[in-house]
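Contents: one structure, followed by commentary.
Counting begins at 1 with the first residue of the sequence.
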Amino acid sequence: MRIALGQINPTVGDFSGNLGKIAEYVERAAAAGAELVMFPELAVCGYWPADLLEKDVFVRRAEKSLAEIAKLTAGAGRPSVLVGCPMRCEGSSGKHVRNCAVVLEDGEISFVQQKMLLPFYDVFDEQRYFEPATRQALTVIKGRAVAISICEDAWNDKMFWPRQMYPVDPIEELMRQWGALPQPLSGHRLILNISASPFWHGKTQVRQEMIGALARRHGAAMAMVNQIGANDSLIFDGGSFAVNARGEVSARAKEFAEDFVVVETEGAAALDAEEADRETERTWNALVLGTRDYLGKCGFKKAVIGLSGGIDSALVAAIAVEALGKENVQGVGMPSEFSSTGSVSDAELLAQNLGIAFTVVPIRQIYENFSAGLEPFFKGTPFGLAEENLQPRIRGSLLMAVSNKTGALVLTTGNKSEMACGYCTLYGDMVGALAVIADVYKTEVYALSRWVNREREIIPSDTLTKPPSAELRPGQKDTDSLPPYDVLDPILRAYIEEYCGAEEIAAAQGVEVALVKQVIRLVELSEYKRQQAAPVLKVSRKSFGMGRRFPIAARREV
């Protein structure tokens, strides 16, 4: 079968815009002679709609769009359409919505496959909304039998995963039915999967290995179309692909961009393997896409960033320029009496290298005015945390004022290491609309910055080499409060992403248990800060945000 993969970037709730994209790709499929064009999971309404699914008017609007898409398939020579859409139901579980893969042919709905496995881990909460399917069935498209699945329904192969998360395997059920098909329908096996599979480090390789294993196990060609784009914290990398019955990748769409790919499912030869070590580049592309879509889908074009001369704000500025264009990024330097001359000059040089506007607004006088106003509380006390935090809170107020005046969104510049340990100031350096690199550890910030500089110096060399410092008191360095980042980050990754205990981490990494417990205590005590943070672009398996849920008021024994 000649199949087109319609890898589109839908916006949640933008039914007319999403319909327009789908219609464009249907016409491209018709021009390419495709018999079927596939679109991602919930492409009609965009993934993830969350509690919008509880609004009857939202689901009815999605079904209305389905009727419009069906019209695109009417007439001789028109391709069939496979698209994801929520649909109403009256289920035994009390849920009123189904997550469906819908086949549209000859101007009408010809088949509906309901999603069976509803993920309930990390960022997923589909069991909150959807009625699960109780069975799966094969269908026929253009005279050929096909097995249709939706995202998670293909992620429970007992021969691939060491532990199954669900008691049933929809793909296995569909393949059992294949054996009962009459000739010639039982010939070439074909599995189609429509997905909205978010990006994280290593996800691309996992998908291809898993789909390849499924194809080999069942002797079936398989095509998977994935959503691209970002909706809030979730970033979808696309990377749609097809494999032949030997599990070899036979077609591949772009990553982090809309794409249209035509697949021949029978007799397809293998493509050359992709370069394996591309995770830094993928992370960069994910952060750029996440930033561009967050602003664009929220109706904004410009960003403002506080540039301290440090590496975190430099990386965020570079990402913003790539995402929005240099003319849409404003840098603001806000030096205090503790800021080094080099910090200001590094910020200026960065702005020159990026070609962005840069304005210096010193905060020393503002800080002194605040301190004078607080004299009833500060008089006779030593300089300490209150005075340190007052500085980033002044900076945060200034950035928000610029945002209000210009309509540019503030991008927060804190990294994951800082967010984990609470090495950040509420209502200060945490202010903003989007936490661009808050799922990127400090050591990864350096790796990404070196990648940015791979062809020419964009981030100044001094920014990359000087000891990191918040510059809130004389001679301050991050290592005054935290272990070196090359020691800290592996501890954080093991605790946050792998849920390892203190003793286990200490033994595996060859560090003192006391140090590990100190780090864990910082993580636990800072939960209240993270729950007040801006949305975090997710690029790891476990980011701070909706996929990580811990209580604030709890007694924690480290």
Side-chain angles (χ1 to χ4, degrees), residues 6 8-23 39-70 83-91 93-102 104 109 112-133 150-153 194-199 225-236 289-290 292-300 409 433-434 531 534-538 543 545-549:
I8 63 171
N9 181 354
T11 299
V12 173
D14 183 10
F15 292 103
S16 58
N18 298 341
L19 178 59
K21 289 179 181 289
I22 291 170
F39 295 97
E41 178 182 12
L42 296 185
V44 169
C45 65
Y47 193 102
W48 175 233
D51 279 9
L52 289 171
L53 292 165
E54 297 185 346
K55 295 179 178 286
D56 185 65
V57 67
F58 183 86
V59 182
R60 287 180 183 273
R61 184 65 182 83
E63 292 175 341
K64 184 179 178 181
S65 291
L66 268 184
E68 294 299 314
I69 299 168
V83 66
C85 184
M87 301 181 75
R88 288 169 293 160
C89 70
E90 292 296 335
S93 67
K95 305 295 193 303
H96 300 289
V97 187
R98 298 175 290 164
N99 185 344
C100 296
V102 185
L104 305 161
I109 295 174
V112 175
Q113 186 81 293
Q114 186 174 338
K115 191 172 184 178
M116 178 176 282
L117 306 184
L118 304 178
F120 54 90
Y121 53 86
D122 194 51
V123 298
F124 303 108
D125 199 6
E126 293 192 20
Q127 292 184 9
R128 175 183 173 97
Y129 308 100
F130 294 123
E131 169 79 11
I150 305 174
C151 204
E152 189 84 353
D153 286 347
I194 63 172
S195 287
S197 179
F199 170 81
V225 62
N226 190 32
Q227 177 174 307
I228 77 107
N231 289 320
D232 294 350
S233 295
L234 297 183
I235 302 167
F236 301 88
L289 177 60
R292 179 185 299 129
D293 271 11
Y294 186 90
L295 270 73
K297 292 180 179 181
C298 290
F300 293 87
L409 289 187
L434 182 68
Q531 292 196 25
V536 174
L537 293 179
K538 177 180 170 65
S543 65
M546 62 182 179
R548 186 179 184 274
R549 307 173 190 180

Margin query: Strictly distance-based, threshold 3.5 Å: is any side-chain N or O of Asn18 a donor or acceptor partner for the main-chain N or O of Thr11?
Written below: yes

Notebook entry, point to check: Which residues pass the salt bridge (Lys or Arg N to Asp or Glu O under 4.0 Å) test with Lys538, sequence neighbours left out?
Noted result: Asp122

Item checked: Shortest non-hydrogen contact between Asn226 and Ser197, atoms and distance -> OD1-N, 2.8 Å

Note to self: Tell me whether Glu152 is salt-bridged to Lys115, with the criterion being a basic N under 4.0 Å from an acidic carboxylate O.
What the structure shows: no

Item checked: Distance (rounded to the nearest 0.5 Å) between Leu104 CG and Ile69 CD1 -> 6.5 Å

Next item on the list: Would you mind reporting whether Tyr129 and Lys95 have side-chain heavy atoms less than 4.5 Å apart?
Entry: no

Checklist line | Minimum side-chain heavy-atom gap Pro535-Asp232 below 4.5 Å | finding: no

Notebook entry, point to check: Can you tell me how far CG of Leu117 sits from CD of Gln127, rounded to the nearest 0.5 angstrom?
Noted result: 9.5 Å

Next item on the list: For the pair Tyr294 (side chain) and Ala433 (backbone), establish whether a donor and an acceptor sit closer than 3.5 Å, ignoring hydrogens and angles.
Entry: yes

Check: Of all heavy-atom pairs between Ala230 and Leu289, which one has the smallest distance, and what is that distance?
Finding: CB-O, 4.1 Å

Checklist line | Side chain proximity check, Leu53 to Arg128, heavy atoms < 4.5 angstrom | finding: no

Check: Going from CD1 on Ile150 to OG on Ser195, what distance comes out if it is rounded to the nearest 0.5 angstrom?
Finding: 9.5 Å

Note to self: Is there a side-chain contact between Cys45 and Pro86 in this structure, where contact means two heavy atoms from C-beta onward sitting under 4.5 Å apart?
What the structure shows: yes

Item checked: Leu66 side chain near Met87 side chain, heavy-atom distance below 4.5 Å -> yes

Next item on the list: Go through the steps for Val59 and His96 under the test side-chain contact (heavy atoms from CB on, under 4.5 Å), then give the verdict.
Entry: CA-CA 10 Å; Val59 182; His96 300 289; over 6 Å; no

Note to self: So which atom in Leu42 and which in Pro49 form the shortest heavy-atom distance, rounded to 0.1 Å?
What the structure shows: CD1-CD, 4.0 Å

Item checked: Main-chain N/O of Tyr47 paired with Glu41 side-chain donor or acceptor, under 3.5 Å -> no

Check: Would a 4.5 Å heavy-atom cut-off, applied to side chains only, mark Ile194 and Val83 as touching?
Finding: no

Check: How about Phe236 and Trp48: do any of their side-chain heavy atoms sit closer than 4.5 Å?
Finding: no

Check: To the nearest 0.5 Å, what is the distance between CZ (Arg98) and CD (Gln113)?
Finding: 11.0 Å

Notebook entry, point to check: Are the side chains of Leu434 and Leu409 in touch, meaning some heavy atoms are under 4.5 Å apart?
Noted result: no

Next item on the list: Report the distance from atom CZ of Phe199 to atom CD of Gln227, rounding to the nearest 0.5 Å.
Entry: 15.0 Å

Item checked: Spacing of Asn99 atom CG and Cys151 atom SG [to the nearest 0.5 Å] -> 9.0 Å

Next item on the list: Mind listing the closest non-hydrogen atom pair of Phe58 and Gly13 along with its distance?
Entry: CE1-CA, 3.9 Å

Margin query: Would Leu234 and Met546 count as a side-chain contact (heavy atoms from CB on, under 4.5 Å) here? Give the steps.
Written below: CA-CA 10 Å; Leu234 297 183; Met546 62 182 179; 3.6 Å; yes

Margin query: Could you report the tightest heavy-atom contact between Ile8 and Ala43, atom names first, then the distance?
Written below: CD1-CB, 4.2 Å

Notebook entry, point to check: For the side chain of Gln114 and the backbone of Glu131, is there at least one donor-acceptor N/O pair under 3.5 Å apart?
Noted result: yes

Next item on the list: Measure from the side-chain N and O atoms of Glu68 to the backbone N and O of Leu19, and report whether any donor-acceptor pair falls under 3.5 Å.
Entry: no

Notebook entry, point to check: Can Phe124 and Leu118 be said to form a side-chain contact (heavy atoms from CB on, under 4.5 Å), step by step?
Noted result: CA-CA 8 Å; Phe124 303 108; Leu118 304 178; over 6 Å; no

Item checked: Under the salt bridge (Lys or Arg N to Asp or Glu O under 4.0 Å) test, residues paired with Asp293 that sit two or more places apart -> Lys297

